[in-house]
Amino acid sequence: MFVSYAGDSGGHTDTFVRFAEQLRGELGIDVRLDLWERDQRRDWLEWAVDQIEHGDFVLAIGSPEYKRLATSEDGPHDHARFQLAMLREHLAADRAQWLAKILPVVLPGCSADDLPAFLQPYSATRYAVPEQLDELLRVLTGQPRRIQPELGPLADPAITERDGLFRSAVLSADLSRVLVEAAEGLAGAVADLWRGESRRLGLDDPRPLAARWRADDGEFDRLGPFFRRDVPSRRLLVLDRPGSGKSVSAIRLVSDLLGGRTRGDPVPVLVPVTDWHPGELHAFDWLARRRARDHRLGRTVRWVDGTRITLASALLEVGLVLPVLDGLETIAEDLRAEAIAALNRLGSSIPLIVTCGLAKYRELDTAGIGLARATHAELLPLDREDVEEYLAETVPHGSSRLAPLFARLRAEPAPTPLVVWLIRVIHQELGRDPGDLWDRMRFPDLDSIEAHLMQHLVRGVYPDYPGRRPHVAFARVHHSTVQRWLEHLAHTLASTGAADIAWWQLDRSLPWVAPTCRVVAGAVLGFGLLSAVGVVPGLAAAAAVGLVAGNSWYLAYFNVADIETPHAFDSSAHKVRAELRDFVKMLGSTLLLVVGVLALLIAGRSIATGLVLNLRAALTLTTLVLGGGFLVWWSGRRLWHRQRHGRSDGMVVLADLKRPTSPGGTFHADRKVVLAGTGTMLAIAAVFAVLGFA
């Protein structure tokens, strides 16, 4: 970049020289200035022509002398006057090229009045430094703040109105309305969920711990406003160090985005990536399945091509869901590159936020692997004064109880948010002594302090109450019991190689419970159904049905799977009628199957005993064979199709989308579902058993 200027009196020359030094030395711009080229004798006119014509940009520094040389013929024809003449000629010859190449700049102490008129100081862009330095650098480096989206298909004016929200030439008004309402319901559920989680973790009690972030544009203190304002690609990569509270930062980011969200904006949804295997499932399909499972978006809608897709897939297709993928480093090391490549293939229509450990991502970046078109935000270390002030406010009598620890922290690197949280949680009770955390002999570094605090975390969260308290909603659990449970879960994770376990998958840590219950229930049902024939057939049926019910391969073949999403039991009138209609259809098909089998048995027995003595008997047997065979084929096909491809949920429905999921709520709802189904099965078995013994 060539700098065109005029040597003014006073401090103006020093100002623009310092500005040029900053551009070259600090900001990496290859500035060419004649003051730096006086190491030998030169033809300055030839040098100026070469710099102006072959450089990428020309910086025109406005000043009173610069403007006077452009408009006055008095005085010697020095270098600045020659440069101005060249710039004027180039603008006249090829205005489109040189209007973008010549950048007028106004430094402190000057104004737009100090620019020559041919540079259009008021009708064209000018750059006032330092206020517009950022905009000038973006022009010089080709990094616009806002990226223009690609031109979409031409909209049909007849269908452009979409409740004033978003427009699409391919979505019908009804489908648009359904998607917007689903997004609003999802936003309410997510907001309630993380609001409760923030209260449980005490993230805002009494105030959040101050955190600072660094991006290419500088430092900032909140991810949500930064994402809305400074991430035009709608792709953000959040990087931090171990113990820095990456997941907590993701929760706060989701809360901030929900707080500033308006109707029709994408809904931020936090998604841990621990269960994603990029080689087995496409990123879009995995996200759609997670949304359908975690947020009850499995209902199907008719898409624009006539096929039916889940509501989760439709919301992703139109960009009404903003996935916040938490913990990219938890994916197996040999799959991380494949995972990033899969995310890059998602396309620009899907906004995306990804969190990852800084060290792990730098390893990938060094190998040339990175998230495309993503803005990077790195969490900075905590400020020691903020840490001390925060603990003094949140820990009872923290200023006096933690004073020796504060004195130590002032001389060491700032602790991580995890250590700060542990100190706060463990020392909430006044009777709990901070101990010798400031003793350098016992705890030589912050890692040893963190390990010591982790050993006391369970005791701090689950106080050791002597007995049950009947006046509270639920009894407090003995901390030793919790310790045993957590050890069991940790062993389960270690044995399976998983990095996380969802609360709706806790039953998998005891894999024998569900199969045992299925075997027992199946045996009871089988015995009840055939006990009317005899005890031996009943026992045989109990063994057969019990083994089938406990075999996961047979269950998967018949499309029977464990319920992972929260369900509810709907006993409304129309649901009861739907369940009765389905039961009557199944019972009718079963009776027809039995009639057909009996007809075939009678026909076979008659043929075997030689009862075909005349034409009438032959016709009767033929009718029995054909009729029985048709009934067996028709009713058997209906029963098979019903069992293999499923049926309507009937009285078992997905939980209310607007109500946040919780372990307790899901447990009570699923218990009703299981008891209703098991009770019906046992009632039928009991009827058959009573009839058999009677």
List in chain and number order the residues that pass side-chain contact (heavy atoms from CB on, under 4.5 Å) with [X], two or more places apart in sequence or in another chain; answer none if no residue qualifies.
{"X": "D56", "result": "none"}
{"X": "A191", "result": "R195, L258"}
{"X": "V178", "result": "R299, V301, L311"}

- [ ] Give a yes or no answer on whether the side chain of N344 reaches the backbone of G370 with a donor-acceptor pair at less than 3.5 Å.
- [x]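 A pair under 3.5 Å: yes.
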
Open item on the list: Would the distance check show the side chain of S313 and the main-chain N or O of I309 forming a donor-acceptor pair, the cut-off being under 3.5 Å?
Closed with: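 Here the side-chain-to-backbone pair does not exist.
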
TODO: Sort and list the pairs that fulfil side-chain hydrogen bond (donor to acceptor under 3.5 Å, both in side chains) and have at least one residue in residues 354-371, not counting sequence neighbours.
DONE: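 Found D326-T355.
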
For [X], which residues count as a side chain to side chain donor-acceptor pair (under 3.5 Å) partner, sequence neighbours excluded?
{"X": "E412", "result": "R408, R440"}
{"X": "D285", "result": "none"}
{"X": "R336", "result": "none"}
{"X": "D334", "result": "none"}

Does some side-chain heavy atom of [Y] sit less than 4.5 Å from a side-chain heavy atom of [X]?
{"X": "F284", "Y": "R345", "result": "no"}
{"X": "L59", "Y": "V31", "result": "no"}
{"X": "W213", "Y": "V238", "result": "yes"}
{"X": "Q483", "Y": "H488", "result": "no"}
{"X": "V321", "Y": "P266", "result": "no"}
{"X": "Q22", "Y": "L133", "result": "yes"}
{"X": "V267", "Y": "L315", "result": "no"}
{"X": "L335", "Y": "E338", "result": "yes"}

Working to the nearest 0.5 angstrom, can you tell me the gap between [X] [atom1] and [Y] [atom2]?
{"X": "L140", "Y": "R138", "atom1": "CG", "atom2": "CZ", "result": "12.0 Å"}
{"X": "R235", "Y": "L343", "atom1": "CZ", "atom2": "CG", "result": "7.0 Å"}
{"X": "F2", "Y": "I102", "atom1": "CZ", "atom2": "CD1", "result": "11.0 Å"}
{"X": "L422", "Y": "L457", "atom1": "CG", "atom2": "CG", "result": "6.0 Å"}
{"X": "L352", "Y": "L371", "atom1": "CG", "atom2": "CG", "result": "6.0 Å"}
{"X": "E450", "Y": "I423", "atom1": "CD", "atom2": "CD1", "result": "10.0 Å"}

Which heavy atom of [X] sits nearest a heavy atom of [Y], and at what distance?
{"X": "V273", "Y": "T330", "value": "CG2-OG1, 3.9 Å"}
{"X": "L179", "Y": "L320", "value": "O-CD1, 3.9 Å"}
{"X": "P323", "Y": "L316", "value": "CG-CD2, 4.2 Å"}
{"X": "F57", "Y": "V139", "value": "CZ-O, 3.7 Å"}
{"X": "L446", "Y": "A414", "value": "CD1-O, 4.0 Å"}
{"X": "A312", "Y": "A288", "value": "CB-O, 3.4 Å"}

Task: Within 6.0 Å of CZ in R289, more than 12 heavy atoms from elsewhere - done: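 Result for CZ/R289: open.
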
Task: Within 6.0 angstrom of H491 NE2, more than 12 heavy atoms from elsewhere - done: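 No.
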
- [ ] Apply salt bridge (Lys or Arg N to Asp or Glu O under 4.0 Å) to R212 and D383, showing your working.
- [x] CA-CA 9 Å; R212 296 287 298 172; D383 184 84; over 6 Å; no

- [ ] Determine, step by step, whether L382 and L209 satisfy the side chain to side chain contact (heavy atoms under 4.5 Å, CB included) criterion, reporting the C-alpha distance in whole Å, the side-chain angles of both residues, the deciding distance to 0.1 Å, and the verdict.
- [x] CA-CA 9 Å; L382 296 176; L209 178 62; 3.7 Å; yes

- [ ] Identify, with sequence neighbours excluded, every residue that meets ring-ring contact (aromatic ring centres under 6.0 Å, His included) alongside W194.
- [x]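 Checked W194 against ring-ring contact (aromatic ring centres under 6.0 Å, His included); zero matches.
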
Open item on the list: For H277, give me all partners under ring-ring contact (aromatic ring centres under 6.0 Å, His included), at least two apart in sequence or on another chain.
Closed with: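 Applying ring-ring contact (aromatic ring centres under 6.0 Å, His included) to H277 gives none.
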
Open item on the list: As a quick check of understanding, evaluate side chain to side chain contact (heavy atoms under 4.5 Å, CB included) for L239 and L379, giving each step before the final call.
Closed with: CA-CA 6 Å; L239 303 171; L379 182 62; over 6 Å; no

Open item on the list: Checking D230 against T375 for the side chain to side chain contact (heavy atoms under 4.5 Å, CB included) test, could you report, in this order, the C-alpha distance in whole Å, the side-chain angles of both residues, the deciding distance, and whether it holds?
Closed with: CA-CA 9 Å; D230 296 319; T375 301; over 6 Å; no

Donor-acceptor contacts, no H, no angles, side chain residues 219-227, under 3.5 Å, sequence neighbours left out:
{"residue": "R222", "atom": "NH2", "partner": "D256", "partner atom": "OD1", "Å": "2.9"}

- [ ] Report the C-alpha separation of R384 and D386 in whole Å, then their side-chain angles, then the decisive distance to 0.1 Å, and conclude whether the salt bridge (Lys or Arg N to Asp or Glu O under 4.0 Å) test is met.
- [x] CA-CA 5 Å; R384 296 182 186 85; D386 290 338; over 6 Å; no

Open item on the list: Can you list everything that forms a salt bridge (charged side-chain N to carboxylate O under 4.0 Å, His left out) with R214? Sequence neighbours excluded, please.
Closed with: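 R214 satisfies salt bridge (charged side-chain N to carboxylate O under 4.0 Å, His left out) with E378 once adjacent residues are dropped.
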
Open item on the list: Show, in sequence, the C-alpha distance, side-chain angles and deciding distance for V254 and L322, and conclude whether the side chain to side chain contact (heavy atoms under 4.5 Å, CB included) test is met.
Closed with: CA-CA 9 Å; V254 170; L322 169 57; over 6 Å; no

Open item on the list: Under a 4.0 Å threshold between the charged nitrogen and the carboxylate oxygen, would R263 count as salt-bridged to D265?
Closed with: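 Looking at R263 together with D265, the answer is no, because their closest N to O distance does not fall below 4.0 Å.
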
